[in-house]
Number of protein chains: 2
Amino acid sequence: MADPLSTRAREIATVARDVLEREGPDALTMRRIAEVMGIRAPSLYKHVPGKDALEVAITIAGFEEAAAGFEAATDGAADPLAAFVGAYRAFARRHPHVYRLMTDRPLPRADLPPGLEERTAAPLQRATGSPARARAAWAFIHGMVLLELTHRFPEDGVTEQAWQVGIAAMQREA
Amino acid sequence: MADPLSTRAREIATVARDVLEREGPDALTMRRIAEVMGIRAPSLYKHVPGKDALEVAITIAGFEEAAAGFEAATDGAADPLAAFVGAYRAFARRHPHVYRLMTDRPLPRADLPPGLEERTAAPLQRATGSPARARAAWAFIHGMVLLELTHRFPEDGVTEQAWQVGIAAMQREA
DNA sequence: TGACGAAGCTAACGGTGTTAGCCAATGTAG
DNA sequence: CTACATTGGCTAACACCGTTAGCTTCGTCA
């Protein structure tokens, strides 16, 4: 399933990601991607097996960028947990549509480069010290990010307090 | 926008909810809903303005059921926070597709019965004591539920530990 | 020169939400 | 009782979606 993508296929995946980030998930259509590339939709299938494969490619690129960001932020940080939260939140804010694509559905684990999932999870694992604490912390951060992205919270200062409350609780826990 | 639904419209909304719960979001199609009702898709539009309105109706029904469950669970409970978590998790497990529909997108606040959002949020508000703590707790619970629903966690006992860790952290916080 | 593969194209299929317009049944007013 | 309007079905169709089939055009290489 995970054939390494040809050069042209990687171009398509890059355009797909751009379209998603700039125009949102509704615009992520084969016809729109093709239009941006100056070709017709069916031609994409000479290079890519289908839309799903493009979404997987975007997901992989997202995880790689996220993992690198998490590592850079936490590496040698005085407060690794706070640093992780900052990096996680920054990634989700910078790439909200990609973040949703990465997290809304079950992970296509069979198509992911081996070790990528673990690599992405490792910085939080190290910052919290135990798998259970890592999962709880991840849930809090993921939940906060999603509730912010879906405009669930009133836009007041209370949300910032909630971040602090949650981080403090995790600190004391760790 | 929020005309009160006619009898037939409420029937349609009920069928729509059944289809969503039983067959998943991909099956939630105007043609499928019509098929279950024994009519053709365009006839639905004699009663309902469009698919969006049905999704809003399902969302409202979901919030009303959830709010009632939260109230029943926390009312007079020895440990209101734990009781709330149990009720929240139970609702999400019992109606995973409805839960996703309710939380994946921005709330259609203009079409919601006045006070419903606040009513749903109130039990957690009471259990945590402050808006900031309520938001943090909600984020944790929402994140845990979603990560479970999207099979993000390995299915081992650690997830149950993570629930306990998170609840304990919120307890101490409150 | 001739064969062949790569990479584009158009046409089309079955699916989606939705609109237009028709028609039969029903209920109501004169 | 008749005449009319409203209700609630219907079919046909549109624009969009992902995708497939099949054609063509071009560059490479024997």
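Letters go in sequence order (proteins before strands), and every chain restarts at 1.
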Does the side chain of [X] get closer than 4.0 angstrom to OP1 or OP2 of [N] through an N or O atom?
X       : N      : answer
A:Ser43 : C:dA7  : no
B:Thr29 : C:dT16 : yes
A:Arg8  : C:dA7  : no
B:His47 : D:dT7  : no

Taking the side chain of [X] as heavy atoms from C-beta outward, which of [options] is closest to it?
X       : options               : value
B:Tyr45 : D:dG9, C:dT18, C:dG8  : C:dT18
B:Met30 : C:dG17, D:dG9, C:dA7  : C:dG17
B:Pro42 : C:dG8, C:dT19, D:dG18 : C:dT19

Side chain B:Arg31 and base C:dG17 donor-acceptor under 3.5 Å: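 A donor-acceptor contact between them is present.
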
No-H, no-angle donor-acceptor pair, B:Lys51 side chain to C:dG17 base, under 3.5 Å: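 Check fails, no donor-acceptor contact within cut-off.
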
In whole Å, I'd like the distance from the [atom1] atom of [X] to the [atom2] atom of [N].
X       : N      : atom1 : atom2 : value
A:Lys46 : C:dT10 : NZ    : P     : 13 Å
B:Glu35 : D:dG9  : CD    : P     : 16 Å
B:Ile39 : D:dT11 : CD1   : C1'   : 14 Å
B:Arg40 : D:dG8  : CZ    : C1'   : 15 Å
A:Asp26 : D:dA15 : CG    : C1'   : 15 Å
A:Asp52 : D:dG18 : CG    : C1'   : 10 Å

Cluster overlap B:Val145 with B:Val158, hydrophobic side-chain contacts below 4.5 Å: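 No: no chain of side-chain contacts under 4.5 Å links B:Val145 to B:Val158.
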
Minimum heavy-atom distance B:Pro113-B:Glu64, with the two atoms named: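 Of all heavy-atom pairs spanning B:Pro113 and B:Glu64, the closest is CG-OE2, 4.2 Å.
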
Sugar-phosphate, base or nothing in reach of A:Leu28, heavy atoms under 4.0 Å: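 Sugar-phosphate, backbone atoms only, no base.
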
Sugar-phosphate, base or nothing in reach of B:Leu44, heavy atoms under 4.0 Å: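 No contact.
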
A:Phe140 and A:Trp163 aromatic ring geometry - parallel, tilted or perpendicular at 30°/60° bounds: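 Plane angle over 60°, so perpendicular.
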
N-O pairing of B:Glu148 and B:Arg89 below 4.0 Å: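 The answer is yes: the pair qualifies as a salt bridge.
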
Residue pair A:Glu35, A:Arg40: steps toward the salt bridge (charged side-chain N to carboxylate O under 4.0 Å, His left out) verdict: CA-CA 6 Å; A:Glu35 185 186 9; A:Arg40 304 304 179 113; over 6 Å; no

